[in-house]
Amino acid sequence: MQKRSELRQLAMTCLYQIDILKQNHLTYDVDEVLKENVSVDNEFVKDLVYGVITSEKEIDEIANKYLKDWEINRLDKTGAAILRMAIYEMKYMDTPPIVVINEAIELAKKYTDEDLVKMINAVLDKLMKEL
């Protein structure tokens, strides 16, 4: 069984790929993207990926509310995927917010730059205070 942090990384990869496919106006099947990236059927990854996709408009509104003079669609695709996942998990799943923030920051440190790490941390911290 994979750790939740590894599963979040897989979900991030799927969301990143879906974002690239959408940007290039290519058709895609979410289940196929999941199959390509996740070796075993995993409900946590599915919940994150489908949850972010179905709630993307609301998630983006939340992100934009807390991004100071910035919008989520201006972030790089990896950073946007991490932020969307974290917002979704904080709002709709039972994971403690502090765990979500720590996991998002670790992913961001691994895949983005320091400025984006700070931005993601600030957004999630503000959201946690409102939950």
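As a basis for the values below, the full set of heavy atoms in this structure was taken, side chains included, without hydrogen atoms, waters or symmetry mates.
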Once rounded to the nearest 0.5 Å, what's the spacing between atom CG of Leu116 and atom CG of Asp76? 5.5 Å
With Asn121, which residues qualify under side-chain hydrogen bond (donor to acceptor under 3.5 Å, both in side chains), at least two apart? none
Got Thr95 and Arg4 here, is their nearest side-chain heavy-atom distance under 4.5 Å? yes
With a 4.5 Å limit on heavy-atom distance, are the side chains of Gln9 and Lys110 in contact? yes
Let me check something: do Leu75 and Leu107 share a hydrophobic cluster, defined by ILVMFWY side-chain heavy atoms less than 4.5 Å apart, either directly or through other members? yes
When rounded to the nearest 0.5 angstrom, what is the spacing between OH in Tyr92 and CD1 in Ile59? 6.5 Å
Of all the heavy-atom pairs spanning Ala104 and Ile120, show the shortest one and how long it is. CB-CG2, 4.3 Å
In Å, rounded to the nearest 0.5 Å, how long is the span from CG of Asp41 to CD of Glu43? 6.0 Å
Count I, L, V, M, F, W, Y as connected when their side-chain heavy atoms are under 4.5 Å apart, and connections chain through other members. Are Met12 and Leu21 then in the same cluster? yes
Same apolar cluster (I L V M F W Y, side chains within < 4.5 Å links), Ile72/Trp70: yes
Using a 4.5 Å cut-off on heavy atoms from C-beta on, say whether the side chain of Glu130 contacts that of Ile62. no
Please report the shortest heavy-atom distance between Leu131 and Pro97, naming the atom on each side. CD1-CG, 4.4 Å
Close side-chain approach of Tyr50 to Asp31, heavy-atom, < 4.5 Å: yes
Do Leu15 and Ile53 come close enough that some side-chain heavy atom pair is under 4.5 Å? yes
Determine, using the 4.5 Å side-chain heavy-atom cutoff (strictly less than), whether Val99 and Ile101 are members of one ILVMFWY cluster. no
Counting only N and O atoms by type, is there a donor-acceptor contact under 3.5 Å from the side chain of Glu6 to the main-chain atoms of Lys3? yes
Heavy atoms only: give me the nearest Ser55-Tyr88 pair and the separation to one decimal. OG-CE1, 4.0 Å
Before you tell me yes or no, could you show the steps for Glu89 and Arg8 under salt bridge (charged side-chain N to carboxylate O under 4.0 Å, His left out), namely the whole-Å CA-CA distance, both residues' side-chain angles and the distance that decides it to 0.1 Å? CA-CA 10 Å; Glu89 193 172 357; Arg8 284 182 184 90; 2.6 Å; yes
Flag side-chain contact, heavy atom, 4.5 Å: Val49 against Ile18: yes
According to a hydrophobic-cluster definition based on side-chain heavy atoms being under 4.5 Å apart (Ile, Leu, Val, Met, Phe, Trp, Tyr only), do Leu34 and Met85 belong together? yes
Does Gln17 have any side-chain contact (heavy atoms from CB on, under 4.5 Å) partners at least two apart in sequence or in another chain, and if so, which? Thr13, Val33, Glu36, Asn37
Tell me whether the count of non-hydrogen atoms from other residues, nucleotides or ligands lying under 6.0 Å of CD in Glu32 goes above 12. yes
Shortest non-hydrogen pair, Ala86 vs Val100, comes out as O-CG1, 3.4 Å
Could you check if a side-chain atom of Arg74 sits within less than 4.5 angstrom of a side-chain atom of Leu67, using non-hydrogen atoms only? no
Return the CG to CG distance between Asn64 and Asn73, rounded to the nearest 0.5 Å. 6.5 Å
Pick out which of Leu83, Ile82, Ile98 makes a side-chain contact (heavy atoms from CB on, under 4.5 Å) with Leu124. Leu83
So, are Glu114 and Lys118 salt-bridged, with charged N and O less than 4.0 Å apart? yes
